Amino acid sequence: MTNILIILVVFLLLAALVQVIRVNELLSELKNQDLNKVTDKDNKIQATLFFLIAGVAYLALVLWQFKNWGPFLLPPASSVHGAAIDSLMNFTMGLIIFVFFITQPILVWFVYKYRKTKTKSAYYYPHNNNLEKIWTIVPTIVLSAVIFYGMSVWSQITNADTSESTVIEVYAKQFNWIARYSGDDNTLGAANFRLVGGKNTLGVDMEDIKAADDKITREVHLVVDKPVLLRFRSQDVIHSAYLPHFRVQMNCVPGMTTQFAFTPTQTTAQMKQQEGEDFEFILLCNKICGVAHYNMQMKFVVETQEEYDTWLTGKKTLSEKLLTQK
Amino acid sequence: MSDHHKETFITKYIFCQDHKMIAKQFLITGMLMGVIGMFMSILFRLQLSNPGESFAVLEWFLGDKWAPGGVLDPNMYLSLVTMHGTILVFWVLTAGLTGTFANYLIPLQIGARDMASGFLNMLSYWFFFGATIVMLISLFVESGPASAGWTVYPPLSALPQAISGSGLGQDLWLVGMALFIVSSLLGGLNYIVTILNLRTKGMSMSRLPLTIWALLITAIIGVLTFPVLLACALLLIFDRSFGTSFYLSDIIINGEMLHNTGGSPILFEHLFWFLGHPEVYIILLPALGLVSEVMSVNSRKPIFGYKAMVGAMMAIAFLSCIVWGHHMFVTGMDPFLGSVFTFTTLLIAIPSAVKVFNYLTTLWRGSIRFTPAMLFAIGFVSTFITGGLTGLILGDSALDINVHDTYFVVGHFHIVMGLSAIYGMFAGVYHWFPKMYGRMMNKKLGYLHFWVTFIAAYGVFFPMHFLGLAGLPRRYYTNSAFPMFDNLTDINEVITFFSIIGGLVQLLFIFNFFYSIFKGTKSEQNPWKSNTLEWTAPVERIHGNWPGEIPSVERWAYDYSKPGMDEDFVMQNVPLKEGETEH
């Protein structure tokens with residue numbers, strides 16, 4: 001019944017629309033005008049609308065959004081390289097906001113000012129090589145600066161010295177994360193997907209001596225100001241390990257290992273003070289990976305060395321976990 | 001020519017080889033797919049702003065299986081996202097845009113009776129039609145349509161165990177795409193050959209309208225890159241059905257250990273984006289061409305810097321083929337490659353900036369006539385600036401780390417590619433409608449359509465930048481699993497509100513379009529007082545375009561408001577006056 005009503009209403013609306021257009025057409029026939037010819041009045045109205053909507057309202061609402069939604073953005077980075085990314089971001093953002101607030105008003109102003117009127121006619125101006133050179137060269141110079149700055153931050157991030165870093169493996173599968181600490185030798189034991197089974201969820205090769213002291217955990221704890229090297233593997237499809245607060249992201253790809261090195265600079269406790277009691281560092285999945293992609297998460301905790309030692313010492317090593325049952 | 005053979009209903013409307021009818025077939029198929037794709041986005045927007053709430057409309061359309069109790073199923077959410085992307089990128093903005101305007105404008109604007117091969121042209125449409133049917137069938141299969149995202153990265157798209165949409169739905173998706181690619185290639189070859197060989201007397205390359213330049217360059221990059229996507233899709237079909245391991249290695253899925261080793265999903269990404277990035281410009285360049293023409297005609301001024309515009313398009317096209325890696329900064333690719341792709345990507349900003357400044361100078365001291373087409377052309381410049389600028393952030397590998405695959409990306413590409421291209425397409429439809437159907441579209445409905453679209457579109461896509469900068473990943477069924485995103489509900493509600501408004505107003509456009517085909521006021525031969533050759537052809541559709549001789553070309557296409565001429569436009573077939581110099 002409701003369906004029939006909806007269809008009926010839609011048809012009535014359509015019929016009404018047709019009638020309105022017909023009335024309009026008949027009226028303009030009476031007045032001897034061409035209904036669809038653009039008149040001076042149209043030009044005035046549309047130019048004014050453009051000025052008000054695409055100019056004033058649009059730019060005002062952009063500012064309004066920055067003011068009202070700005071506070072929802074991520075807090076400043078909690079890692080060393082993240083601070084460099086933030087500076088680069090502020091620089092680039094400043095640049096594009098500057099260009100935005102120059103070019104959009106120019107567009108709006110030209111559109112409004114040079115609308116067709118009875119008196120004015122257009123100016124024949126096919127080209128001007130000097131002008132064109134200027135706006136090829138100026139963007140080139142500005143972009144060279146952006147490119148150079150961007151590349152230097154990028155190489156600083158990707159060439160980080162990892163000799164002192166604590167090595168932790170982050171293992172992804174549908175739809176959760178597992179972490180493996182490399183233990184006292186700071187070296188992860190070898191792993192092979194064919195060995196996955198039973199309690200050996202990560203397929204660690206227990207014949208590899210380096211695997212004995214590895215520890216498997218369900219959350220990751222890090223020591224503040226101490227460099228860490230995350231190594232990523234995936235069991236099934238592509239996942240992406242995304243730690244927005246640290247400005248860290250790296251895909252986890254089945255069949256290969258990827259890595260990302262960084263140094264956290266804020267403890268969870270410090271962040272809770274700044275951002276509120278609910279704050280946690282979170283690892284999200286940021287590559288579509290299946291039906292529960294939206295809920296694939298793991299907690300990261302940044303703490304002092306003492307807290308970290310207490311937490312990690314309590315965990316069983318892989319040899320204790322896997323070899324005792326034999 | 002027209003009286004040589006009788007046209008039956010079938011040869012006139014269905015298996016037609018006339019480029020003008022084929023263009024209309026592409027346009028109407030594209031429009032219908034556009035409505036479907038857009039409607040899908042409204043369905044999943046409902047879930048994103050009101051997660052877990054029941055909507056009668058969802059249950060009505062998707063039924064008990066995919067929206068039990070009116071709540072969208074997460075599998076169907078991913079399917080809708082995937083199909084929305086696929087349909088909009090390929091069906092609407094590639095075939096709908098290029099298929100329509102390349103077919104329609106190339107012969108008419110260069111002064112040819114038809115395409116070089118009318119038969120290939122017809123075949124191109126019917127491959128596209130076949131692709132459309134296969135894609136639409138995939139919406140109704142038991143395990144659901146493809147749901148691995150429009151980029152269909154394996155292994156997710158390769159393994160039916162990984163997600164329900166990777167069953168029959170994904171097979172049909174791949175077959176549909178393969179047919180689509182064949183259609184694109186047939187079309188593209190035809191466009192290139194026609195433009196190079198069938199130009200009328202006097203139509204040198206330097207006198208080509210910018211629309212034709214844009215379509216030529218688009219066709220060239222399409223012909224160079226679409227075959228790579230075909231290879232990419234075929235290898236995926238092999239992995240799915242014949243046990244090969246091109247993209248698969250070391251996988252345990254649902255407790256089952258697969259035999260595949262040695263393949264790499266990253267290979268797929270390289271192959272996919274080798275088309276995928278030029279594809280962005282395959283979408284954008286025709287819009288740039290259409291906008292250049294519409295803007296020049298309605299400013300009553302020559303387009304500023306014709307040669308620079310052509311050069312900029314060539315530069316964009318060339319660079320577009322060597323930037324694909326910027327989609328892969330966080331795949332673990334060699335960091336040195338990351339630097340190289342940052343460099344090439346940011347270089348694209350230079351020709352883009354040149355184009356924007358040239359558009360602004362074209363408007364400067366013009367005499368702007370606000371037709372609905374012109375409004376969309378100006379709107380294009382606005383979105384092209386807004387969306388282009390955020391590209392500086394995404395193209396920079398260091399910054400991409402934290403905004404990669406977030407809503408920031410969604411906002412960016414919808415504005416710079418989606419909106420800009422669709423505005424260009426609307427500008428084209430409003431502008432050339434009188435040529436296509438001999439009638440005018442209703443002006444007032446056109447104005448209403450533009451303003452509501454303009455406001456709603458920015459209302460949908462601008463706020464997405466904030467979601468992205470808050471760290472929200474795209475393709476999340478809901479963001480309620482993470483307390484850190486709780487305060488983003490308001491933004492999501494704003495976006496959904498505007499998406500519904502923006503979606504509904506497109507129906508007004510469709511109504512205007514079909515109403516005007518039959519009932520619109522009759523058009524004159526050259527309603528916009530344009531210079532290009534298509535307006536020298538009679539209003540009635542005839543096979544062969546011109547009843548007598550094809551006009552010859554005596555000047556470039558942009559002699560608007562030229563001093564010393566009788567009127568503010570001089571058509572391309574008017575010989576130079578004595579003592580008159582070419583621009």
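Just so you know, these numbers use all the heavy atoms, side chains as well, and skip hydrogens, waters and symmetry mates. All values reported here derive from a predicted model rather than from experimental measurement.
Ranked by heavy-atom pairs under 4.5 Å with chain A, the list Ala308(B), Gly305(B), Gly388(B), Ala158(B) is led by Gly305(B). Taking chain B as the reference chain and counting heavy-atom pairs below 4.5 Å, the highest number among Gln65(A), His127(A), Glu25(A), Met250(A) is found for Gln65(A). Top candidate by heavy-atom pairs under 4.5 Å with chain B, chosen from Gly150(A), Cys252(A), Gly70(A), Gly276(A), is Gly150(A). When the candidates Val146(A), Leu95(A), Asn286(A), Val248(A) are compared by the number of heavy-atom contacts under 4.5 Å with chain B, Asn286(A) comes out ahead. Among Arg300(B), His404(B), Lys307(B), Met440(B), the residue making the largest number of heavy-atom pairs under 4.5 Å with chain A is His404(B). Between chain A and the residues Phe343(B), Phe482(B), Tyr306(B), Tyr153(B), the most heavy-atom pairs under 4.5 angstrom are made by Phe482(B). With respect to chain A, the highest number of heavy-atom pairs below 4.5 Å among Gly332(B), Gly366(B), Pro74(B) belongs to Gly366(B). The greatest number of non-hydrogen atom pairs below 4.5 Å with chain B, out of Val108(A), Leu49(A), Asn192(A), is found for Leu49(A). Taking Ile385(B), Ile491(B), Asn358(B) one by one and counting their heavy-atom pairs under 4.5 Å with chain A, the maximum is reached by Ile491(B). Contact count versus chain A (heavy atoms, under 4.5 Å) is highest, among Thr342(B), Val81(B), Thr521(B), Asn260(B), for Thr521(B). The most heavy-atom pairs under 4.5 Å with chain B, out of Phe100(A), Tyr149(A), Phe66(A), Phe110(A), come from Phe110(A).
Pairing each heavy atom of Ala481(B) with each of Gln297(A), the nearest pair is O-NE2, 3.0 Å. Closest of all the heavy-atom pairs between Ile163(B) and Val291(A) is CD1-N, 4.2 Å.
Asn295(A) contributes atom CG, which lies 8.0 Å from atom OG of Ser480(B) (distance to the nearest 0.5 angstrom). Distance check: Leu74(A) CG to Met484(B) CE gives 5.0 Å after rounding to the nearest 0.5 Å. Rounding to the nearest 0.5 Å gives a distance of 11.0 Å between CZ of Phe357(B) and CG of Leu131(A). The CG atom of Asn36(A) sits 11.5 Å away from atom OG1 of Thr371(B), with the distance rounded to the nearest 0.5 Å. Note that CZ of Phe50(A) is 9.0 Å distant from CD1 of Ile368(B), once rounded to the nearest 0.5 Å. Note that CG of Leu392(B) and CD1 of Ile96(A) are 6.5 Å apart. Values are rounded to the nearest 0.5 Å.
Between the side chains of Tyr58(A) and Thr386(B), at least one donor N or O lies within less than 3.5 Å of an accepting N or O. No hydrogens or angles considered: nothing links the side chains of Trp154(A) and Asp396(B) as a donor-acceptor pair under 3.5 Å. A donor atom on one side chain and an acceptor atom on the other are not found under 3.5 Å apart for Glu132(A) and Thr361(B).
For chain A, no part of Asn298(B) is nearby; none of its heavy atoms comes within less than 4.5 Å. For chain A, no part of Pro351(B) is nearby; none of its heavy atoms comes within less than 4.5 Å. For chain A, the nearby parts of Tyr477(B) are the backbone and the side chain; heavy atoms of each come within less than 4.5 Å. Heavy atoms of Pro483(B) lying under 4.5 Å from chain A are absent altogether. In this structure, the portions of Ile251(B) lying under 4.5 Å from any heavy atom of chain A include both its backbone and its side chain. Proximity to chain B (any heavy atom under 4.5 Å) is shown, for Leu61(A), by neither the backbone nor the side chain. For Val253(A), the part lying under 4.5 angstrom from a heavy atom of chain B is the side chain only. In this structure, chain A has no heavy atom under 4.5 Å from any part of Ser523(B). Looking at Ala148(B), the atoms closer than 4.5 Å to chain A (heavy atoms on both sides) all sit in the backbone: N, CA, C or O. Contacts of Met257(B) with chain A are made by side-chain atoms alone, with heavy-atom separations under 4.5 Å and no backbone atom involved. Only the side chain of Phe485(B) comes within contact range of chain A, judged by heavy atoms closer than 4.5 Å. If you measure heavy-atom distances from Leu78(B) to chain A, the contacts under 4.5 Å come from the side chain alone. Only the backbone of Lys519(B) comes within less than 4.5 Å of a heavy atom of chain A; no side-chain atom from C-beta onward does. Only the backbone of Met441(B) comes within contact range of chain A, judged by heavy atoms closer than 4.5 Å. At a 4.5 Å heavy-atom cutoff, the contact between Leu445(B) and chain A is made by side-chain atoms alone. If you measure heavy-atom distances from Leu507(B) to chain A, you find no contacts under 4.5 Å at all.
A 4.5 Å side-chain heavy-atom check between Phe511(B) and Val18(A) finds at least one atom pair inside the cut-off. For the pair Tyr447(B)/Val38(A), a side-chain contact is recorded, criterion being any heavy-atom separation below 4.5 Å from C-beta on. Leu17(A) is listed as a side-chain neighbour of Leu508(B), based on a closest heavy-atom distance under 4.5 Å. Side-chain atoms of Leu363(B) and Trp109(A), non-hydrogen and from C-beta on, never get closer than 4.5 Å to each other. Here the side chains of Ile252(B) and Asp236(A) are not in contact, with every heavy-atom distance at 4.5 Å or above. Looking only at side-chain heavy atoms (C-beta outward), Gln174(A) and Leu156(B) come within less than 4.5 Å of each other. Annotation: side chain of Ile401(B) is in contact with side chain of Ile85(A) (closest heavy-atom distance under 4.5 Å). Within the 4.5 Å cutoff, side-chain heavy atoms of Lys116(A) are placed close to those of Ser367(B).
Proximity of a side-chain donor or acceptor of Lys443(B) to a complementary backbone N or O of Lys37(A) within less than 3.5 Å is detected. Without hydrogens or angle criteria, Gln249(A) side chain to Asn402(B) main chain gives no donor-acceptor distance under 3.5 Å. Gln235(A) places no side-chain N or O within 3.5 Å of a backbone atom of Asp250(B) that could act as its donor or acceptor partner.
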For Val62(A) and Tyr458(B): C-alpha separation, side-chain torsions, deciding distance, then whether side chain to side chain contact (heavy atoms under 4.5 Å, CB included) applies. CA-CA 10 Å; Val62(A) 166; Tyr458(B) 268 137; over 6 Å; no
Derivation and outcome, ring-ring contact (aromatic ring centres under 6.0 Å, His included), residues Tyr124(A) and Tyr560(B): CA-CA 7 Å; Tyr124(A) 186 79; Tyr560(B) 293 102; 9.4 Å; no
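When each of Asn251(A), Ile238(A), Val237(A) is checked for a side chain to side chain contact (heavy atoms under 4.5 Å, CB included) with Pro265(B), only Ile238(A) meets the rule.
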Extract all donor-acceptor atom pairs below 3.5 Å that involve side chains of residues 465-476 of chain B and protein atoms in other chains or at least two apart in sequence.
| residue | atom | partner | partner atom | Å |
| --- | --- | --- | --- | --- |
| His465(B) | ND1 | Phe462(B) | O | 3.0 |
| Arg474(B) | NH1 | Asp405(B) | OD1 | 3.4 |
| Tyr476(B) | OH | Cys285(A) | O | 2.6 |

